[in-house]
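Structure first, commentary second.
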Amino acid sequence: MVQLYNLHPFGSQQVVPCKLEPERFCGGGRDALFVAAGCKVEAFAVAGQELCQPRCAFSTLGRVLCLAYSEAGDYLAAIEEKNKATFLRAYVNWRSKRTENCRVCIRMVGHKVEAPLSDTFRDQMSIIEMPLSEAPLCISCCPVKGDLLVGCTNKLVLFSLKYQIISEEFSILDFERSLIIHIDNIVPVEISFCVGYVALMSDLEVLIVKLESDPKTGESVNYQPLKINNPMKRTEGVSNETLQLDSDDFVICQKPVELLGEKSSQSGVSVTLESTGLDDKTIKYYHVQHLLYKRFAPDISSLVLSDDIKLHSLQLLPIYQTGSPTSDRKKLSQEKELLSLFCFFSLPHVGYLYMVVKSVELMSVYQYPEKSQQAVLTPQFLHVITSNNLQCFTVRCSAAAAREEDPYVDTTLKACPPVSMDVCALRIQLFIGLKAICHFKNHIILLTKADPEAIPERREPPKRLLSRKGTNVKFKTPPVAEAGWNLYIVDTISPVQLYKEMVDYSNTYKTAKTQSCIHLLSEAHLLVRAALMDASQLEPGEKAELLEAFKESCGHLGDCYSRLDTQYSHLALPYYKMSGLSMAEVLTRADWPLEDGSQKYERGLIFYINHSLDENLDEELSEELAAKVVQMFHMAEPKQLPHILCSPSMKNINPVTAMNYLSKLDTSGFSSILVTLTKAAMALKMGDLDRHRNEMKSHPEMKLVCGFILEPRLLIQQRRGQIIPTELAVQLKDTQPGLLVASVLGLQKNNKIGIEEADSFFKVLCGKDKDTIPQLLVDLWEAQLVAGLPDVVLQELFFKLTSQYIWRLSKMQPPDTIPLRTSEDLINACSHYGLIYPWVNVLISSDSLADKSYTEDLSKLQSLICGPSFDIASIIPFLEPLSEDTIAGLSVHILCRTRLKEYEQCIDTLLERCPEAIIPYANHELKEENRTLWWKKLLPELCHRVKCGGEKGQLYLSSLKETLSVVAVELELRDFLNVLPEDGTAAFFLPYLLYCSRKKSLT
């Protein structure tokens, strides 16, 4: 049974001053009500709290059987009956009709209007006749596009709304019959149409299809005569012979069936499209997608076909993207964007609500306490009428639409009550003799009629319960005077007012700690959420009031989930976030003493505070609230206490209080290292350095690194988007820099800190601006190379290190602190640092004035260049500050040119600047394919320089002898003679010639 709350969703009511008993009525946009009686339609102005006043009236061709209004196009469509013939007409420009007797224009659909007649159409109502080959049974207007769908016995006809352009200043509304939907095996009693979605209903069947706009390859929309080779039997388990029996001894009924999605195409209902548009470019729909087929079975216990087994109130309800509706009626391309679509239909005692956009699924089932006559669905409520009651039920449309609109719903950021939550009745209002209902804006229109006593007289038992013929029950009415009737307009109260009443009502459940409190507050939340989604219905100042109510409802739900120990306690976090409440405000609301005066903190509140403190919010709790948080976690979650104390929001905690609670912890169940580090941090705050040192010495450094990985905020915190080193990090910088670098590296390895964050941390820690690099950061980069972090881009890291090495060498700037690793350490520990070439050492040793303060930077740079992974070309543009005038700069430049295989230039430079290094260079570099440079480049250069003499003549001469020894080994005698200088002294070269000539015999 649906739970009933005695709330007051209905406000004032007034009587519509109709002259005749209404037969049909419907809402007309935001401000009008149409009432059909006899051969006349009356339009009434409905605006706010003012009395309903007649606006205009116009005559119809005959009695109105069906009435529908479209806000898109602002027209009224009607099925009218005259002399047992039915007609379809559309009334456009009805607002221009001032009096009942003023002229109207009648034209056929698609009739082209000439320009001279434009003034006639501008200021008078027009009636558009729409002829059909079959009698129309029902109609529906698309709320988005304004297209008109007409239901006939075997087909649906779609009239597309369009405008005829008469002149640049004037156009008139018209229709085009664009599509025929042929349907077999079902006769529509009601239809509903919305942006390509079609729902149709017979007495016991419902079919929902979607008209697809994307053409399929090879599929035609032209109608073909229906041919079904193996049609599904509409009556299962019954032979054709049985179906033809016409006997009182048989009762034939079909099984109840529900087919969702593609399976609904197996229902046996054939749907085929026939395009009737004049232009192929206007084709909107190409094929059909089946979404839902549902068939009900009648209750055969009474053997009577009564209204108890007939469906009613078919409706498609669209919900649009927030803030997207348009008010321009003359734009065919509407700006409304469909977010969700819902379908409702009802049996007399049960109603069904489906969601049908992305997936078809049953959302809610409504069990009515008594037999219903009609129902109307809105984004906020389901209104149902029985013979003597107006019932108001809650719906879950806004809950489903919220999940379609916002992907963050059902995360730790946002929440929404579930679609599966039980619906409830907010009110059952007494109304005598209810007959019909409709809804528009915030008004409910009710027709009541006090019937005289009706005496049922059974004429004969029915033959078939599923016959589509009329019922066989005849009501015999005594010949008394005409019964009294009234047409009421009942205003629904504002969502904010009803929300406040629901919140007040929920307070009766708070002390009992029941789920009813959450249920009613969830209903209030969904009410406000639905009102915010229907932005087109809001008054200018109403949205701000609704937003405030929305935040307040989130706060109430957060309170509920934080108080109650349920499986959904975690929802306190997203609801508190959406409420906009600060953590201090939530903690202030969290005083819930037990009956014995003690305090108990449930999972929801602990979960919220834990996550909030973990998210580094820019909110600092006062000393009192911080102490309260520590007390809460000591009672409820003692394992989380070290993490809680490391939050920036707990900055104002008294360290003595924190130390007392930490000392009470039993560390056997969790990491004692984390407790030790937290104690060390608190000891620093207290100024107790001896206790701090004792705590830090109680574990080896590698275990301390593990502790920092468990809680990075012991070292690094963020406040207002800025990285702030902790007092413990500052202390480690001065006392244990190696532990600090290893800890930050461990955080990077475990994805607890990013590369840029680590760089910023060390710059802030060492008090450097963004362009100055402290040595501790260089130590970190070197450690990253050694560790081989997978997320670090190798060449970027090379660039950082080489840039810093080069900058220091060019500025003669020593490191601000002693490097943690020497070049030898790096070469031994990291493959990216290569062994420095021997000739480089010779070159460097030639500079007796080398500054030892930057020797390590030079060695590391040389080692990187000598390594296998370094991209030499990337560093060349940055070598300019490093002058070749110094031996350090010269060594780097020659190393880079050598790696780029510019050997001849390197030979010239070495011969000029450091000839003692030329032979070590040649022995190391001039190998294999580069051996020819010994005699093609080095030998001629040395001969030339020996001949010229000078200060370095002896160095050149000794280098020449070494070179001749190598060439004599490599070349044959003839080739050796060819490379010797023509003006050389024979006695000097003779030993090498003799060795070369005897070389073959020796081998």
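In this chain, numbering begins with 1 at the start of the sequence shown.
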Checklist entry - Do the side chains of Cys896 and Ile875 get nearer than 4.5 Å, heavy atoms only? => result yes
May I have the list of side-chain donor-acceptor pairs in residues 676-683 shorter than 3.5 Å, sequence neighbours left out?
{"residue": "Thr676", "atom": "OG1", "partner": "Ser672", "partner atom": "O", "Å": "2.8"}
{"residue": "Thr676", "atom": "OG1", "partner": "His699", "partner atom": "NE2", "Å": "3.3"}
{"residue": "Thr678", "atom": "OG1", "partner": "Leu674", "partner atom": "O", "Å": "2.7"}

Checklist entry - In terms of ring plane angle, is the pair His924 and Tyr837 parallel, tilted or perpendicular, where the classes change at 30° and 60°? => result tilted
Item to check | Audit row: Ile653, Leu621, side-chain contact (heavy atoms from CB on, under 4.5 Å) steps and yes/no | outcome: CA-CA 8 Å; Ile653 185 67; Leu621 298 177; over 6 Å; no
Item to check | Heavy-atom closest pair, residues Val741 and Leu780 | outcome: CG1-CA, 3.9 Å
Checklist entry - Atom CG of Leu942 and atom CG of Leu955: how far apart are they, to the nearest 0.5 Å? => result 10.5 Å
Item to check | Glu902, CD: over 12 other non-hydrogen atoms inside 6.0 angstrom | outcome: yes
Item to check | Heavy-atom pair of closest approach, residues Ser810 and Leu882 | outcome: N-CD1, 4.1 Å
Checklist entry - Which atom pair, heavy atoms only, marks the closest approach of Ile773 to Arg808? => result O-NH2, 4.3 Å
Checklist entry - Counting only N and O atoms by type, is there a donor-acceptor contact under 3.5 Å from the side chain of Ser803 to the main-chain atoms of Lys800? => result no
Item to check | Salt bridge flag under 4.0 Å for residues Glu782 and Lys860 | outcome: yes
Checklist entry - Could you give the distance from CD1 (Ile723) to CD1 (Ile753), rounded to the nearest 0.5 Å? => result 6.0 Å
Next on the checklist: Tell me whether Arg897 is salt-bridged to Glu884, with the criterion being a basic N under 4.0 Å from an acidic carboxylate O.
Outcome noted: yes
Item to check | Evaluation steps, ring-ring contact (aromatic ring centres under 6.0 Å, His included), between Phe633 and Tyr661 | outcome: CA-CA 10 Å; Phe633 276 86; Tyr661 279 106; over 10 Å; no
Checklist entry - Going by atom types alone, do Asn923 and Trp839 pair a side-chain donor with an acceptor below 3.5 Å? => result no
Checklist entry - Short question: side chain of Ser647, backbone of Ile644 - any donor-acceptor pair under 3.5 Å? => result no
Item to check | Side-chain heavy-atom pair Leu910, Leu843 within 4.5 angstrom cut-off | outcome: yes
Next on the checklist: Tell me whether the rings of Tyr608 and Tyr576 are parallel (<30°), tilted (30 to 60°) or perpendicular (>60°).
Outcome noted: tilted
Item to check | Salt bridge present between Lys752 and Glu757 (N-O < 4.0 angstrom) | outcome: no
Item to check | Heavy atoms from other residues, nucleotides or ligands near CD of Glu880 exceed 12 (cutoff 6.0 Å) | outcome: no
Checklist entry - Between Ala415 and Val409, which heavy-atom pair has the shortest distance, and what is it? => result C-CG1, 4.2 Å
Next on the checklist: As an exercise, state the distance from CD of Glu615 to CG of Asn610, rounded to the nearest 0.5 Å.
Outcome noted: 10.0 Å
Checklist entry - What distance separates Leu826 CG from Ser831 OG, expressed to the nearest 0.5 Å? => result 11.5 Å
Checklist outcome for this item: Heavy-atom nearest pair, Leu960 first then Cys943, reads CD1-SG, 3.7 Å
Checklist entry - Say you draw a straight line from CG of Leu938 to CG of Asp908; how long is it, rounded to the nearest 0.5 Å? => result 10.0 Å
Checklist entry - Is the side chain of Glu619 donor-acceptor paired with the backbone N or O of Ala584 at a distance under 3.5 Å, no angle test? => result yes
Checklist entry - Out of curiosity, Ser863 OG to Leu835 CG, how far, rounded to the nearest 0.5 Å? => result 7.5 Å
Next on the checklist: What I want to check is whether the side chains of Gln795 and Ser874 have a donor and an acceptor closer together than 3.5 Å.
Outcome noted: no
Item to check | Shortest non-hydrogen contact from Met650 toward Lys685 | outcome: O-NZ, 4.4 Å
Checklist entry - Has Phe988 got more than 12 heavy atoms of other residues, nucleotides or ligands less than 6.0 Å from its CZ? => result yes
